[in-house]
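Working notes for the structure below.
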Amino acid sequence: MIWQQQSPKQLFPNILIFDMARIVGIDLGTTNSLVAYMKDGQPCVVPDRNGRTMVPSVVALTDNGLIVGDSAKEHLTRNPERTVYSVKRFMGKGLADVQDELVYFPYHVTETGGVIRIRLGQKSYSPPQVSAMILKELKLRAEASLGESITKAVITVPAYFNDSQRQATKDAGLIAGLEVLRIINEPTAASLAYGLQQKTQGTIAVYDFGGGTFDISILKLKDGIFEVLATSGDTHLGGDDLDRVLVDLFIGDIRDRYGIDVGRYPDHMQTVRLEAERAKIRLSDELKTEITIELPEDKGRFTRELTRDQLESLVAGIIERTLAPCRIALKDAGLTPKDIDEVVLVGGSTRMPLVRQRVEALFGKQPHCHLNPDEVVALGAAVQADILSGGTTDMLLLDVTPLSLGIETMGGVMSSLIRRNTTIPASAKEMFTTYVDGQTGVDIHILQGERELVKDNRSLAQFRLKVPPLPAGVPRIEVTFLIDANGILNVTATDMRTAKSQSIEVKPSYGLSDTEVERMIEDSFKFATEDVTARKLIEARLDAEALIKTTDKSLVEAGHLITEEEADGIRTSLSQLSTAKNGTDSRVIRARMAELEQTAKQLNVMMLDHSLKQSLQGKKVSEVS
Amino acid sequence: MDNQQSPPHPDTRRQLQMARSMCWHCQSEVTGEYFCDRCVKVQPVSKETDYFTCLGFPRRLMLDPKKLEAKFYELSRTFHPDFYQTKSADEQTISLSNAAVLNTAYRTLRDSIQRAEYLLALETGSVKDIRTSPPADLFEEILDLQDTLEEYRASERDSDQGHRLRATLQTEQEALERRKEGMEAQLRQLFADWDKLQDAGEATSLARVERDRILKEMRDLLSNRTYVNNIVNDLAATIA
Ligand SMILES: Nc1ncnc2c1ncn2[C@@H]1O[C@H](COP(=O)(O)OP(=O)(O)OP(=O)(O)O)[C@@H](O)[C@H]1O
Ligand SMILES: [Mg+2]
């Protein structure tokens, strides 16, 4: 039997999909984040006033409140204990997961309810809350640029993110006041951007090596369908790890040479880390570089030379670690390197020559990165956003789940229900019954991972299935495990005897509960007013500063054209505004600004005259000549 | 059909489990396969629909992978949740669940072994039995192999004995792989027999006997092949 093919749009070609609010695409990176949207069929990244497209994923608590991005980055060395960076590494994790790397972070990390908390001043924040601050910054940036309110987004995550990490990302969106319509994988997002650009067909491998994570995805592109064949990776492997090798080298050197343990000085640790990163980046273009680090306790400065060869021999092992997932992904896709038509590089760390060499050696062909590797993920997210809003209809992404999903069975063994690299949405049904007469519940433990034993896999959640008290073996409860298009698990249960579905309260092993997320959303709205106040103050100060500067300049140039009395009045207003500017009330600043503008009116008139005359003179001169 | 069971605003999930003949939305009779002719709402794929029907293929074992893929892509464009973002919550639920069924169907039919196992389950109504003891003609060989494996696991990898055992295991693995290929060739013959029989479409008793023969031989071969395959994988993992 052949099924008739009719799609709603074919039936009613003239019906327009109702106007949907714009959906933006967001790349929430370990190091840098970006927001993009679709404009006339092309994705574009939203820049800030200075034309910068990347927002450093850094949040700092200052005396004026929380700040995000470039300005927060300046606080890394000034205020290390209160400046959070690389928070993505903590998403969906418990403290035990990150114990080994805590020494590298100057800020204070604890755990409550299976979720990491980061201490900033008097308050503790979960990683989704910190990520939400970055998302809010991107949201504001998009709103300012587009002149409309933004409430919907597609957010990217590393393909190898597990359920808890995806859920944490979704929570971050909610807390930032964004409805997250889709979580999509970073390498697949990149492939969408490429596909749109070049209408590529064939099998491609996307090698994504960023600041904190590594992903490899193998896709088949055909007639607008982007079918992921396999994906693999390591969510704890990125440029950060390369930096740490250099940090260890430098602090070892400093200890040997000066007997100073830099580890005891968080601000200097940050200086070392930033210099390590800068040196690494320089060595992508140069063969050797000079390192300079200010030492604590006025011990002067530490200098040394580092060559590209030295760097490469230090980090070769880490880069090698990206190749094993590549081989696994190839095997899972049933392919060999020569089946790959194109290798695409994504992420800042792929700028390293050694990375390119190793990738080229593995796949036997030169990898390329025609699109800016920093922006391509955000661009792809914008394309996916456009697909969801009905704009782009000829492209469709069929992604996979990166990890096998299963449940705990007798003897602490995991029984797999949905294998890794299964196309999503994917579902599996499992029938449960009782072993004891009158038993009223069955405990179910959900896991993700590739290992035999429960203890070697990642616990996702536990819940208790309610069962009517009946003789053993009589109840039949069917549980459906559904991984949706976000790669996030949904569980439902149906009593087969009554066909009634029951709601399940799942306790996530490493995630925020629904009530906690709700509270955080409320909090974030409360803070929103605080945030607005802080923002207003900063803006008022900037404006005041600008006004003081121009008035000073006018006084110098046109002061002789007004009366001494007028000039004195202006000077008084100026000093009053300076005082207000150092205060914390934006309204006072604005009031003093208005005052100054009033007293300086005459001056401005004269100034205008003056410059007018000058320009006329200028003209005459030029006309004459 | 099930008039008294259809409340005006049915719970979609429950509705998914019922044989479908009526639109869940406007209650008119549905004649198209995926969409209601009257209100154009997407319809849930019935729970009774088998994977062959779902992908629009007859119950045959030699399917053209290109055609299968084309149909899968076409139906993905019909059902994928990406295209239902602007639709009602009910329609989104249906699209999600239809897409999940479609993906399972394609995954099952794409692989010729899984396809045959699935067909066997459909035709004989039984789930595939997992073999725990080696097939008769392999019994001795497998027992010997198990011993060698044990010995190898206990031995020093870099010793002479280790090297010798490893070489033996490698030869053994190759032999088993050849045997597996032999089984697969036999299976392909059975697949062709099955398709021919179905195409002829005769209802004679001879045809029935032939059908039973094919299914039985296929079942034995499939379970032997799975057994051998597991051993090969185990071997490969041990000596890798
Ligand atoms: N020229 C370069 N050479 C080497 N490394 C570089 C270069 N430029 C940037 N990097 C590194 O790339 C990383 C940042 O890359 P990117 O912005 O792609 O990461 P991200 O998207 O924030 O992280 P992730 O995708 O892992 O969450 C940093 O570790 C940075 O040091
Ligand atoms: Mg990235």
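Here is the naming used below: chain letters follow the sequence lines, and residue numbers restart at 1 for every chain.
Only the side chain of A:L482 comes within less than 4.5 Å of a heavy atom in chain B; its backbone stays farther off. With a threshold of 4.5 angstrom between heavy atoms, B:R107 approaches chain A through side-chain atoms but not through N, CA, C or O. Proximity to chain A is limited to the side chain of B:N103, based on heavy atoms less than 4.5 angstrom apart.
Annotation: side chain of A:S389 is not in contact with side chain of B:T86 (no heavy-atom distance under 4.5 Å). Side-chain contact between A:T393 and B:R77 is absent, with no heavy atoms from C-beta onward closer than 4.5 Å. Here the side chains of B:F83 and A:I387 are in contact, with some heavy-atom distance below 4.5 Å. The side-chain heavy atoms of A:P425 and B:P81, taken from C-beta on, include a pair separated by under 4.5 Å.
Rounding to the nearest 0.5 Å gives a distance of 9.0 Å between NZ of A:K429 and OG1 of B:T104. Distance check, rounded to the nearest 0.5 Å: OH of B:Y73 to CD of A:E227 gives 3.5 Å. Residue A:D484 holds its CG atom at 11.5 Å from OG1 of B:T93, rounded to the nearest 0.5 Å.
By the neighbour-count criterion of 12 heavy atoms within 6.0 Å, atom CZ of A:R476 is sparsely surrounded, having that number or fewer from other residues, nucleotides or ligands. Annotation for A:E452: atom CD does not count as buried by contact number, only 12 or fewer foreign heavy atoms lying within 6.0 Å.
Comparing A:D223, A:L397, A:T423 by heavy-atom pairs within less than 4.5 Å of chain B, the highest count is held by A:T423. Contact count against chain B (heavy-atom pairs under 4.5 Å) is highest for A:L398 among A:I418, A:N490, A:I483, A:L398. When B:S76, B:A100, B:A99 are compared by the number of non-hydrogen pairs under 4.5 Å with chain A, B:A100 comes out ahead.
Considering only residues two or more places apart in sequence or on other chains, B:Y51 meets the ring-ring contact (aromatic ring centres under 6.0 Å, His included) condition with B:Y118.
The two residues A:A485 and B:H80 have their closest heavy-atom pair at CB-CE1, 4.3 Å.
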Would you sort out whether B:E69 and A:K220 count as a side chain to side chain contact (heavy atoms under 4.5 Å, CB included), showing the intermediate values? CA-CA 12 Å; B:E69 183 190 76; A:K220 182 166 162 183; 2.4 Å; yes
